[in-house]
Protein chains: 2
Amino acid sequence: MASNPPAHLKPRKKPRQARATVTVDAIFEATIQVLLADGPQRLTTTRVAERAGVSVGTMYQYFPHKHALFYALNEHYLDVLAQKVESACQAQHGASINRMIDVLVTTYWNAKTERPEVTRALYRSVVELDNEPLIKEFARRLDAATAAMFASASDAVFADLPTVNLTLLTSIFGTVRGVFERNLPDPEASAVHRHLVLMCIAYLEAVKLPPRRAGGYDPAPRASSH
Amino acid sequence: MASNPPAHLKPRKKPRQARATVTVDAIFEATIQVLLADGPQRLTTTRVAERAGVSVGTMYQYFPHKHALFYALNEHYLDVLAQKVESACQAQHGASINRMIDVLVTTYWNAKTERPEVTRALYRSVVELDNEPLIKEFARRLDAATAAMFASASDAVFADLPTVNLTLLTSIFGTVRGVFERNLPDPEASAVHRHLVLMCIAYLEAVKLPPRRAGGYDPAPRASSH
DNA sequence: CCTCAAACTGAAGCATCCTTCATATCTTGA
DNA sequence: TCAAGATATGAAGGATGCTTCAGTTTGAGG
């Protein structure tokens, strides 16, 4: 369901027997474990294999090289994340922009916060080679999902939805990332979460086109026009 | 002028003769060059030394190991960046919040955009070991600078300035980073820049305390109260 | 001009790490 | 039960990188 991996880092083969499936799952899990325990620098084929309880050779039956493993891991993570956001957006079609923003931010936030260590580890690992296609595809999917949602808002229409949408996503993703990067403790992190919602709502209020009656912000605020 | 580097990655010695200064500068420049040309993965002591036109041994006279070099590079970069923002903030004391936001965002944005390749390379390199203290110190400095600025605003007072300030900085930094990460082409990047300013202004409008007279947003918008 | 500390050199030691492949074991299906 | 394909093993080859140090060159001060 995700994108098409560049040829050079496609998995070598898919598991056909039950034990092989177990093995591959163990390898993924081990990769995360090693990432958590030792950091991206010490993510070593040997270490992953050891932790997964298999031999190095086994890994190379499924992944042509280390980067392919890494790529597959991130692909899976981003795919799950994108699905969560997509279905959350879907569910809010026709709602108010306030609710949309709240759901969007909170869904993304919770998904990232569910396993903070994993999130942090992956953020730090995204540096590795060639996952730019992954990020692009992820961004494209969410762009589409949120744009469709906002276009369906019951209480607002936007002149330049693409830009508004892009700005929103960029700032939400960036803010969440910043919270992880600075390792903000919980009272502050929650406060930022709340204020991020406020910020986005205020932004949408400011850029939405005035509804049919009752001017939005500039001309004659709440007197019937003229 | 920056923080105190952890002992294990302090420079070994400072240049005492002119040629040594030249050497150290060349090493820094070469580090950036290699980062740009080959990426953080291929940043190798040998490669840096070669590009700098010195031998590996020379590098080790000044830096106890690779990470120390890296650390010093980032330290310098963040220091310059922090200074720019600090002085920009200083200059806006007493101004309106709109102007403050505009100056803050634009200053940061321009500083990052000045040499986009370098920015991108450094963003990608910040993964390396132990520069968390650097980030913390950088955040602390800017936090202080912008908080002081906003506290002096001529047209607004905030109930919870620390949170407002933290949210602003986190989202601004994060958004800019996101623009680089997604490698947004210029029309879109500029649009996000503009909208980021709008967003921050709308946010501050929404959270500022109502001025002495003429209620802010909730009660009786522009009729003399009561 | 001379001396000594500062600066520089770069081959080599040491430590990892990635990846392969010949071999062994397991599972399935007939 | 047995053959054949699937899966697993792990020692070893090959590559690269970090760091040291014994020795050389350079520059500053007397």
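Quick note: numbers below take in every heavy atom, side chains included, and nothing from hydrogens, waters or symmetry partners. Proteins come first, then strands; the chains are lettered A, B, ... in the order of their sequence lines, and each starts at number 1.
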Separation of [N] [atom2] from [X] [atom1] (nearest whole Å):
X      : N       : atom1 : atom2 : value
M59(A) : dG10(D) : CE    : P     : 15 Å
R42(A) : dT16(C) : CZ    : C1'   : 11 Å
K66(A) : dA15(D) : NZ    : P     : 19 Å
H65(B) : dT20(D) : NE2   : P     : 10 Å
K14(A) : dT7(D)  : NZ    : P     : 13 Å
F63(B) : dC8(C)  : CZ    : P     : 12 Å
Q41(B) : dA15(D) : CD    : C1'   : 16 Å
H67(B) : dG17(D) : NE2   : P     : 15 Å

With respect to the side chain of [X], which nucleotide from [options] is positioned closest?
X      : options                  : result
R47(A) : dG27(D), dA6(D), dC17(C) : dC17(C)
R16(B) : dA6(C), dT19(C), dC18(C) : dA6(C)
Q17(B) : dA7(C), dC18(D), dA11(C) : dA7(C)
V54(B) : dC18(D), dT9(C), dT19(C) : dT9(C)
R19(B) : dT26(D), dA8(D), dT20(C) : dT26(D)
Y62(B) : dT19(D), dT20(C), dA7(C) : dA7(C)
T44(B) : dC8(C), dG17(D), dC17(C) : dG17(D)

Pairwise side-chain contact, H193(A) with V105(A), heavy-atom cut-off 4.5 Å (strictly under): yes

Check: L69(B) and T45(B) side chains under 4.5 Å, non-hydrogen atoms: no

Aromatic plane relationship, F28(A) with H76(A) - under 30° parallel, 30 to 60° tilted, over 60° perpendicular: parallel

Cationic tip of K14(B) above Y62(B) ring, under 6.0 Å, 45° of axis: no

Does the side chain of [X] get closer than 4.0 angstrom to OP1 or OP2 of [N] through an N or O atom?
X      : N       : value
Y60(A) : dT20(C) : no
S55(A) : dG10(D) : no
T23(A) : dT7(D)  : no

Among W109(A), Y123(A), Y108(A), ring pair (Phe, Tyr, Trp, His ring centres under 6.0 Å) partner for F173(A): Y108(A)

Sugar-phosphate only, base, or nothing, as touched by Q61(B) at under 4.0 Å among non-hydrogen atoms: base

Sugar-phosphate, base or nothing in reach of T45(A), heavy atoms under 4.0 Å: base

Toward the 5' end of DNA chain C, by each residue's nearest nucleotide, G57(B) or K13(B): K13(B)

Sole residue of E114(A), R177(A), K112(A) in side-chain contact (heavy atoms from CB on, under 4.5 Å) with T119(A): K112(A)

